[in-house]
Every structure is written in C-alpha cells, then in structure tokens.
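No hydrogens, no waters, no symmetry mates; every other heavy atom, side chains included, goes into these values. Quick note on labels: first sequence line is chain A, next is B, and so on, each numbered from 1.
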There are 2 protein chains.
Amino acid sequence: MDAYNYIKDAIVIGKYEPGMRLTEESLANELQLSRTPIREAIKQLESDGLIVPLKRGVSVRNFTKEDIKQIYDLRTLLEGYSASQAAINRTEEDITEMEAANVSFEKALENYEENDMNSIKEIARVNHQFHDAVVRASRNPHLHFHISKVVVVPLVYRSFYWYNLTQLQRSLEFHRTILTAVRRQDPERARIAMHEHIYQGRDHVMNHLDDIKDNHFLKEDAK
Amino acid sequence: MDAYNYIKDAIVIGKYEPGMRLTEESLANELQLSRTPIREAIKQLESDGLIVPLKRGVSVRNFTKEDIKQIYDLRTLLEGYSASQAAINRTEEDITEMEAANVSFEKALENYEENDMNSIKEIARVNHQFHDAVVRASRNPHLHFHISKVVVVPLVYRSFYWYNLTQLQRSLEFHRTILTAVRRQDPERARIAMHEHIYQGRDHVMNHLDDIKDNHFLKEDAK
DNA sequence: CTCTCATTGATTGTATACAATAATAAATCT
DNA sequence: AGATTTATTATTGTATACAATCAATGAGAG
C-alpha cells in the first residue's frame, strides 16, 4: 500500500487521532520510506481535507459536531441526487449489481454480531457496495468524485460500530426501497428514499455524539 | 506565486491546453524550481481533477461536453442548496456584502466592452464576489469546499468570454432576485432563483460548445 | 519488407544532503 | 524572579543524485 492510502486509513480508523501532529520524519520511519513520497501523500490528504496545515507541518483534522451535521446534509443532497439520476440512467446491469449488493448485505446480516470487528467491516463493505452501485448507475463521474470525498470522513466510517441489528435491518429495507424506485425509473421516489436513508444515518451519528462524554472526536483543534 | 497556483492558472486560462502532457522537468525549468515542489503541485492538481495520470506522467485534463453538462448540473444542485442555506443563516453583514458585490457588478457593467480582456476579468471577479458571499452566508465550509472544486473548471471560467451585455445584465437581475430572497429569508425562492441563474449559464456554455467547430476543448483525450 | 527482440534514451520514483526557518532551551540583564 | 535576548535543536523546503521503469529506436531473423 502506498503512503497516501496508509495514512488515510490510519486517520479514518482512528489510529492517528484528531489533533495529532504528523511529522514527515516519523511517518517516513513508520512506513520505511524517505520523506519525498510522504510529502506527496500529505499534500493530497490536505486537498482531501483530512489533515490541516499548521505553521509548521500538519495535524490530523478534528471534525466537530457541526462539521458532521453539515457533511451529512451534503451527503443527503448528493446521494439523493445520485439516486434520482440512477433511476433515469440505470441499465439492467446496474440493477443486477444493486441486487447483488443487497444479497451480500443480507448474508452479512446473518453473520452479524455486535462488537465483532470483522462482521462490522463486512457490513461497511457491502453497504458501500450498494451505494457505489447507485452512484455508478447515475452515470456521472463528477458526482462520484464529490460523494467519495464526503463519505470518507472518519466519523462516517466509524458510524457502523454504533449500529445494532435492528437498525442495520432497517438500512437494508431502505436499500430495497431505493432499488425498487430505481428499477421502476422513478427518480423522485429514489431521491426521497435515499434522502431518508442517509438522514437516518445522520440522526444515528448525532445521537451518539451527544451521548459520548469523553469524546475524543470533539476535542478542540490543537493549535 | 507557488507552483500549484501557477500551473492551475495556466490550465484554467488555457496556456496549457487539454491533452497536453506535462513533464516534471519542463515545468521545473519554466518555474525555475527543482522537481520536488513540482511533484507536490502535480499531486494536488490530480486531486482537483485538473490533470489526469498517464502510464508515465500526467496530462492536462480534457473536459468533454458531457463533463461540462454534469459539472453544471452539480453546480446547480450545490449552489442552489447554498442559496437556500444562506436564506436561513444569513446575517445583516452577509446582506451588506451581497449588496456590495451587486453594486460592483453594476459598475463593472458600465465599463464593460465585449472582447475587452480587462473588463471581462472584472466581470468574472465581481460575479465570483457575489457567489462567494452567498456561500459564506450559508455558514457551511464543506459546501464551500465542494463548490470551489466545481467552479474552477477551465470552461466555467472561460464562459465569461462568451457573454454579451444583455446576458450579463440578466445575470445581475438574477443576483438581485437571489439577494431579495435571501434577505427575506425565503430558502425555496433563493434556491430556485440560483438554480435558474446557473442553469442559464449552462445553456449559454452548451450553445457555444455546439457552435464552435474547431473546438480544442473537445479534442479526444490524448492517450 | 515486416515483425520481434534488444539496446538506448527519456522520465519518473526514491533517497539523501543541505539550507532556511520555526520552536525550544539557555543565558543574560534589569 | 521575570522578561528579553541569544544559542541550540528540530523540522520543513529545496535541490540533486541515483535507481527503476517505460518509450523509442534500430538490428537481425524470417
């Protein structure tokens, strides 16, 4: 894996915590590379908004509750649009892919256990599989570009750790509703279903952020 | 100016034409720098989607007519949302800024002459001033982030060269309508007005792309 | 004469060295 | 002691050298 993806993953899974300062040399040591490729990775992560520039060097970005709200609102907007466009432009192959993703989701739910790292990761994977199929069906690469930047945010990723079986089953139901609307080429219903689906995710995450007292995600930006 | 902004501008104004291959060494020579900072700039521009990776090195991205359509659709969506949020969250200072931007626009129109490089640039500047004020009034930095990536596309920038006085006056009228809706805190009217405004821009650009025979923007991707 | 393979040349990927600058620690003065 | 200046250290910014890889050219075989 290259430096960019390594560091990105480390941030997303929380290995590098928000506010943590990243120095080129320590990263270079950890990845057994020279500073040159590290610097390039850092520049890209800065473009992604996952790290913020300091006077000297960079630190892992801290997303506040307000950030998460706004990011979910954007996701709602973009993925809602994505679903509506998918309903217009989808082919039979797209439908097949979405169906396959939902079958995988079902299977993943059968093996699901709360707090089991592996089954959670599997859920995250098949969930992404479905959403990705929708975006691809929309036939708009630029939309894909923006959605991918909005979804990668650490908290969005980690939200799967906070779901329980009932909520995940509800998610699958939404996927089925969206699939039906896309199959019937009903853009508005597809959009609304996706909108509702992601909005539920937003509520879910926001509730958790309220609960957590010692919330290291909400630390003030280390200046 | 640093390497990133230099190359970006060169691409946006068309100095580096679509499909043109960029080698690190030639850029290093042109900017009188070593390859190291050039490489970092290239990685960022790749994130922006302004250049595309080749098997070896990179080339300036070529935006097809389909790309432009999709980009404008996204802009419509994002800036429409931006206007609606501005209507909700605006302060008096935001209104003042938007008013100032429109006054500047008026002034710029008085000095406007078709094909006059300077007055065109001035129009582009004050237009951006207004749109930027709206985004800032929406109080959503992430929205700002995405809109800025969607607006920078070369063709969007150059579209100002294709306007005439009547069309620019119409643009100013739209700005006024948007401002009114934002002032009255009417999100839906603000959204629709912005939507219509940008959609006109889209039509305008698409018509021009139809007209232009020897359209170097539409060259096939140099592989 | 054309196709294949090898050799050459150009360009990128990585490492390292040095210079510039910021952060930190020490020392001096009031 | 507290503040201010100076010295030291840490970290980044840039340049350059070398290794790895891809593209292009040419030589030889069919």
Contacts of A:N111 meeting side chain to side chain contact (heavy atoms under 4.5 Å, CB included) (sequence neighbours excluded), chain-then-number -> none

In whole angstroms, the gap separating C1' of D:dT21 from CG of B:L54 amounts to 15 Å

The salt bridge (Lys or Arg N to Asp or Glu O under 4.0 Å) partners of B:E93 (sequence neighbours excluded) come to none

**Study point:** Backbone of A:W162 reached by a side-chain donor or acceptor of A:H204 within 3.5 Å
**Key:** yes

To the nearest angstrom, the CD-P distance between A:E25 and D:dT12 comes to 8 Å

Contacts of A:E106 meeting side chain to side chain contact (heavy atoms under 4.5 Å, CB included) (sequence neighbours excluded), chain-then-number -> A:L172, A:R176

Rounded to whole Å, the CG-P distance (A:L27 to D:dA10) equals 18 Å

A:R21 CZ to D:dA10 P, in whole Å, measures 13 Å

By side chain to side chain contact (heavy atoms under 4.5 Å, CB included), B:K107 pairs with (sequence neighbours left out) B:V103

Residue pairs passing the salt bridge (Lys or Arg N to Asp or Glu O under 4.0 Å) test with at least one member in residues 124-151 of chain B, sequence neighbours excluded, are B:D48-B:K149, B:D94-B:R139, B:E97-B:R136, B:E122-B:R125, B:D132-B:R136

Residue set satisfying side chain to side chain contact (heavy atoms under 4.5 Å, CB included) with B:S34, at least two apart, ordered chain then number -> B:T36, B:P37

With sequence neighbours left out, the residues meeting salt bridge (Lys or Arg N to Asp or Glu O under 4.0 Å) with A:K121 are none

Counted 5' to 3', the first and last nucleotides of DNA chain C within 4.0 Å (strictly under) of a heavy-atom of chain A are C:dT14 to C:dA23

The correct set of residues in residues 28-36 of chain A placing a heavy atom under 4.0 Å from DNA chain D is A:R35

